[in-house]
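Notes follow the structure.
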Amino acid sequence: MYICRIYYKTILMEELSSKYNPALTEDKWYEYWLQHKFFHSEPDSRPSYTIVIPPPNVTGILHMGHVLNETIQDVLIRHARMSGFNACWVPGTDHASIATEAKVVGRLAGMGIRKRDLTREEFLKYAWEWKEEHGGIILEQLKKLGCSCDWDRTAFTMDSPRSESVMRVFVDLYDKGLIYRGLRMVNWDPKAQTVLSTEEVVYRDEKSKLYYLRYYVADADVNPVVPTGEEGEVLHIDGQGRYYAVVATTRPETIMGDTAMCINPKDPKNQWLRGHKVTVPLVGRVIPVIEDRYVDIEFGTGCLKVTPAHDVNDYNLGKIHNLETIDIFNPDGTLSEAAGMYVGRDRMDVRKQIALDLDNAALLEKIEDYDNKVGYSERNQDTAVEPRLCKQWFLKMQHFADIALPPVLEGKIQFHPTKYVTTYRNWLENIQDWCISRQLWWGHRIPAWFLPTAEGEEEKFVVALNVEEALAKARKIKGYENIEAEALSRDEDALDTWFSSWLWPVSLFGGINNPGNEEIRYYYPTSDLVTGPDIIFFLVARMIMGGEEYMKDVPFSNVYFTGIVRDKLGRKMSKQLGNSPDPLKLIAQYGADAVRMGMLLCSSAGNDVLYDDSQVEQGRNFCGKIWNAFRLIDLWNVDEGKVQDEASAVAVKWFESKLNETVATVEDHFRKFRISDALMAVYKLFWDDFCAWYLEAVKPAYGEGIDKTTLARTKEFFEALLKLIHPVMPFITEELWQKLAPRKDGDTIMLQSYPIAGDSDKELIADFEAATSLVAAVRNIRQQKNISPREPLVLKVEGSALKDVEAVVRKLAGISELVRVDSVNYDEAGSSILVGTIKAFVPLGNLINVEEELKKAEADLLYYNGFLESVRLKLGNEKFVCGAPEKVVATERKKESDALATIAALQQTIASLKALK
RNA sequence: GGGAGCUUAGCUCAGUCGGUUCAGAGCGUCUGCCCUACAAGCAGAGGGUCGGGGGUUCGAGUCCCUCAGCUCCCACCA
């Protein structure tokens, strides 16, 4: 029988490699989980715990930022699933209109096809082809990471339920008067040739030039220039006695659109220009000098050229002063016919050219270096955004700000970390209307149909779910009673991508198309949203708006903001720098568990993550540790006749307490979304407490078996540890859980219940900790004195200290004889140990170096004397004794008495050491 | 220009209500070990005037003021 067992074990040992190989387990278990539909959720009697994925771009690929976000979501989901919740993590992708359309346009360009040569239908065919080819790659990558998404629910922001939701919402908001069409100064992306919302424009500091241009006074013959002679007056006269104004501009290429020059009425420098007209340089157009307090007297020369078509401020000035608006740009950023000059050339080229031409015409005073901010499309960082006046669709935002602010301020939605509440509030309190139309084809086409109108007549349109409804609505309009469908023309524009993702938590469960259905009632509101702070306005705020508007309730209770993943030098990860590792390669190299742990180790909520491979290595090492711990336990044979020894009994009692204590800590961390702290607590529990102390304490001597009780308890502990680790490292924990005991098909660790904290014996934990310090002290003596760990030592311990855990000390410190003494006998040669208030002594005979021991003891004495002094200073202070809580005073008194005892012992040691000299 | 945040060990960071021997953790470093679970490991050790200054308090890493440095967000000064 015994031989059989050994034989059996040998076979097993061969199967159980000495190193953990993630490649052999990960795909296997993921497949198993999928087969058994463990990720799938249906409404039932359990409470729901729901996360909707912030949908990544459909054609995107996994980067380190995703790894961080998705790992956190999976940890939360797996933890909830094991904690009795019906966990549902809904995956999906975003159609990302601008980004995807740009990619499709790029691909077509490679094929020699221009978008403008295609019809909308033709273009969309290509776009869908692209989506089918590249779409969803990222979802497959999430599977490699181990994400337990409910794949049966995979959605796409442009699939038909989501599209229908968007259409319904658009019509509804229009009917409520919240969507309007208006002529506004908007941000135009000349490359993508679409407008952008204010949020989609990112400003970059740029070194640019400030051009000082001459605007000659045009009406001097009929309206002579009269210097005022005021102090501070600045006149410009050229060699021929002609007066001119100097205008500073960063954009000389816009002078063709100038329709006025503006000065501050209070500016003494430019008083003489009042009431005059000036000539736009090169262009020759005569424009009035207007006055407005808007102009900064200190900037440049105090003269501002006003180009109402191409600058927001100028546009506003134009409105106030009734100025003409000359749009000199084509949609692609080239100069239009209206410019009259440089027609067809790119605005940036014209800027360079016009500077030369102005200089040649002696109209350029000077050029200065100037730092300013230039807006770029968030999606396209190489083409500057152009302010442009055009007619677009807008969503009135004040109403949404009003409904979205209270839940966050009142704490119905909690932000982690809380600092983002301020950011959120600030944005909502200064909200601007949301420009929701985009001049793109890839996206939800705006459900508005224009009616034929006479030349010059104001546009007429109807908003409806489909053309039939549109026709019905149109026919109700006076004069259009007999209109046919063919006469209606649908708006060409699409909606902003975020106009679909803001509905995501509602639309995923049919809350828009089928309000009040079973799923939306069960899953909504969802639990947590995990995302980066960069999309707090784009996504988080708007989801709250959408939820409040359509469900009259918050979309989620918690928002966990992750930081940005940077390299270890603190730089953002970017393709240009090449500092972004490919997550899939990392997974192949280290295993998904290691990558997940590596990401979590360094990520406290809201802080940027400085990623370094060493963290993933640490994750891999942890896998190795878990693996080997299992190998050890697996190796042990039960010795049926053996009775549990004292060291094992104590260790079992202690670890049980320690486990319970840590489980409570972990639960607390989870409640506070301190995921990396939870992980670290489990990591230390496993590595330090379980492996370094517990396993060593119960480990049978070489060649011996283990008693039945201890092995059973050890396996229990190991299983509890696997469960604790599982949310973070799903694969290795499943692998070992399956090996730990016989399992049936369909068994899985991911559906076991997460450990719940039981009672823990605080006193025992404290004693055990003291014992480990004592053991360390003995080991330290061994190292210093070069005594082998196998050479038995005698340990004298004063009083009955650590009696409960004595057996452990004996075993782990290699103590052959542990003697209890009333008072340590310092007459013999040895090394004294002081652990807290515990005094111990290791007799060493001639191994001892008296001089060294003396030095050590004297240093200790010095420290304790100083310590005693500071404690007594406190206790001597009447205000402290009266003012501080009793508990604090009591600890100080205990410190005093402990210090006194310690000092006495040290003095005794020193005396006896001196006697030995 | 407005707002938020950060500064604690070589690195990355915890430090909750102002009070335990509270100055911590992980990684790295140093020293000694291949001892049949694990060298991707074991054992042990060293390391900090808590950014500077001031204040409140019996007591400050923690609260207040101030200075310095860094980061991020928002904003229409050409």
Side-chain angles (χ1 to χ4, degrees), chain A residues 16 18-20 185 198 203 210 247-251 254 262 294-296 298-300 303-307 311-316 370 372-373 375 387 417 419-423 425-427 430 533-534 536-537 564 568 570 590 594 601-604 606-610 612 614-615 617-618 620-636 668 672 674 676-677 680-681 683-684 691-692 695-696 699 702-703 775-777 779-784 786 788-790 836-837 867 871 874 877-885 887-892 894-895 898-899:
Chain A
L16 203 55
S18 70
K19 284 195 166 73
Y20 171 59
M185 188 61 90
T198 45
Y203 289 88
L210 199 55
V247 171
T249 180
T250 52
R251 303 203 56 192
T254 64
C262 191
Y294 163 76
V295 177
D296 182 352
E298 300 303 319
F299 188 91
C303 294
L304 172 76
K305 70 186 217 47
V306 184
T307 321
D311 184 278
V312 183
N313 303 299
D314 293 13
Y315 175 67
N316 292 333
Y370 183 69
N372 75 339
K373 284 190 193 271
K419 66 177 175 183
Y420 288 110
V421 173
T422 319
T423 308
R425 177 185 192 154
N426 227 295
W427 186 69
N430 299 288
D534 50 331
I536 183 170
F537 308 135
I564 295 167
K568 65 176 171 179
Y590 296 103
L601 270 176
C602 50
S603 65
S604 51
N607 283 339
D608 283 357
V609 172
L610 298 196
D612 183 29
S614 71
Q615 288 144 354
E617 281 169 20
Q618 197 180 342
R620 175 201 57 188
N621 296 353
F622 190 40
C623 286
K625 192 69 183 175
I626 299 169
W627 186 257
N628 281 306
F630 175 75
R631 285 177 62 220
L632 176 66
I633 297 168
D634 191 55
L635 193 74
W636 287 339
D668 187 51
K672 292 170 181 163
R674 298 158 74 133
S676 58
D677 288 344
M680 189 46 68
Y683 176 78
K684 284 197 276 194
C691 293
L695 288 181
E696 292 301 327
K699 196 186 217 171
Y702 179 66
V775 170
R779 286 172 178 170
N780 194 13
I781 290 170
R782 285 184 187 277
Q783 183 168 348
Q784 277 174 10
N786 211 359
S788 153
R790 267 162 298 186
T837 59
F867 179 68
V871 172
K874 241 186 206 178
N877 185 335
E878 204 173 318
K879 282 186 181 167
F880 170 72
V881 179
C882 302
K887 213 177 93 188
V888 177
V889 179
T891 23
E892 289 303 312
K894 172 133 191 346
K895 280 191 216 170
D898 286 353

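Throughout, protein chains are lettered first and strands after them, A, B, ... in sequence-line order, and every chain is numbered starting at 1.
Annotated as syn: B/C17, whose glycosidic dihedral is within 90° of 0.
Among the heavy atoms of the strands, none lies under 4.0 Å from A/Val881. Note on A/Pro885: a base of the nucleic acid sits closer than 4.0 angstrom, heavy atoms only. Within the nucleic acid shown, A/Asn877 comes within 4.0 Å of sugar-phosphate atoms alone, with no base atom in reach, counting heavy atoms only. At the heavy-atom level, A/Leu610 lies under 4.0 Å from the strands shown only through sugar-phosphate atoms. Residue contacts for A/Arg674: at a heavy-atom cut-off of 4.0 Å it reaches a base atom on one of the strands shown. Within 4.0 Å (heavy atoms only), A/Lys672 reaches at least one base atom of the nucleic acid.
Between A/Ile633 atom CD1 and A/Leu695 atom CG the span is 5.5 Å, to the nearest 0.5 Å. Atoms OG1 and CG, on A/Thr422 and A/Asn426 in that order, are 8.0 Å from each other to the nearest 0.5 Å. Interatomic distance, A/Lys625 NZ to A/Asn621 CG, rounded to the nearest 0.5 Å: 10.5 Å. The distance from atom CG of A/Leu304 to atom CG of A/Asp314, rounded to the nearest 0.5 Å, is 5.5 Å.
In this entry the distance linking CG of A/Asn316 with P of B/C77 reads 13 Å, nearest Å. At whole-Å resolution of the value, NZ in A/Lys305 and C1' in B/C77 are 14 Å apart. At whole-Å resolution of the value, CZ in A/Arg425 and C1' in B/C73 are 16 Å apart. Between A/Asp677 atom CG and B/A14 atom C1' the separation is 6 Å, expressed in whole Å. Taking atom CG of A/Asp612 as the reference point, atom P of B/C13 lies 12 Å away to the nearest angstrom. The distance from atom CD of A/Gln615 to atom C1' of B/C11 is 10 Å, rounded to the nearest whole Å. Computed from coordinates, the A/Glu878 CD to B/G59 P distance equals 14 Å when rounded to whole Å. Rounded to an integer number of Å, the gap from CZ of A/Phe880 to P of B/A60 is 12 Å.
Of the listed nucleotides (B/C58, B/C27, B/C77), B/C27 has the atom at the smallest distance from the side chain of A/Gln618. Checking B/C58, B/A75, B/G3 against the side-chain heavy atoms of A/Lys373 singles out B/A75 as nearest.
Residue-to-nucleotide proximity on RNA chain B shows that, of A/Lys879 and A/Phe867, the 5′-proximal contact is made by A/Phe867. Nearer the 5' end of RNA chain B, as judged by each residue's closest nucleotide, is the contact made by A/Trp427, out of A/Trp427 and A/Glu298.
Look at A/Tyr370 and you'll find a side-chain N or O under 4.0 angstrom from OP1 or OP2 of B/A78. For the pair A/Tyr683 and B/C27, the criterion of a side-chain N or O lying under 4.0 Å from OP1 or OP2 is met.
Contact annotation: the side chain of A/Met185 never approaches that of A/Asn316 to less than 4.5 Å [non-hydrogen atoms, C-beta and beyond]. No side-chain heavy atom of A/Val881 sits less than 4.5 Å from a side-chain heavy atom of A/Glu878. Between A/Tyr294 and A/Cys262, the closest side-chain pair of non-hydrogen atoms is not below 4.5 Å. You'll find the side chain of A/Tyr20 stays beyond 4.5 Å of the side chain of A/Arg620, heavy atoms only. Under the 4.5 Å side-chain criterion, counting only non-hydrogen atoms from C-beta, A/Leu210 is in contact with A/Phe299.
Look at the C1' atom in both B/G28 and B/U62: the space between them is 28 Å, to the nearest Å. Comparing B/U71 with B/C35, their C1' atoms are spaced 50 Å from each other, to the whole Å. B/C22 and B/G69: their P atoms are spaced 37 Å apart (whole Å). The C1' atoms of B/G52 and B/C70 are separated by 15 Å, rounded to the nearest whole Å. When the C1' atom is used for both B/C74 and B/C64, the distance is 28 Å, rounded to whole Å. Between B/C65 and B/G26, the two C1' atoms lie 35 Å apart (nearest whole Å). Comparing B/U57 with B/G1, their C1' atoms are spaced 38 Å from each other, to the whole Å. Using atom C1' as the reference point in both B/A43 and B/C38, the two lie 14 Å apart (nearest Å).
The environment of A/Asn786 atom CG is sparse: at most 12 non-hydrogen atoms of other residues, nucleotides or ligands sit within 6.0 angstrom.
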Checklist entry - Using Watson-Crick and G-U wobble pairs with both distances under 3.5 Å, what is the 5'-to-3' dot-bracket string of RNA chain B, with [ ] for crossing pairs and | for pairs outside the strand? => result (((((((..((((.....[....)))).(((((.......))))).....(((((..]....))))))))))))....
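A donor-acceptor contact shorter than 3.5 Å is absent between the side chain of A/Asp311 and the backbone of A/Thr307.
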Next on the checklist: Can you build the contact string for nucleotides 37-44 of chain B? Use B for base contact, S for sugar-phosphate-only contact, and - for no protein heavy atom under 4.0 Å.
Outcome noted: BB-BSSBS
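Using the six-membered ring where Trp is involved, A/Trp427 and A/Phe537 have ring planes that are parallel, under 30° apart on the 30 and 60° scheme.
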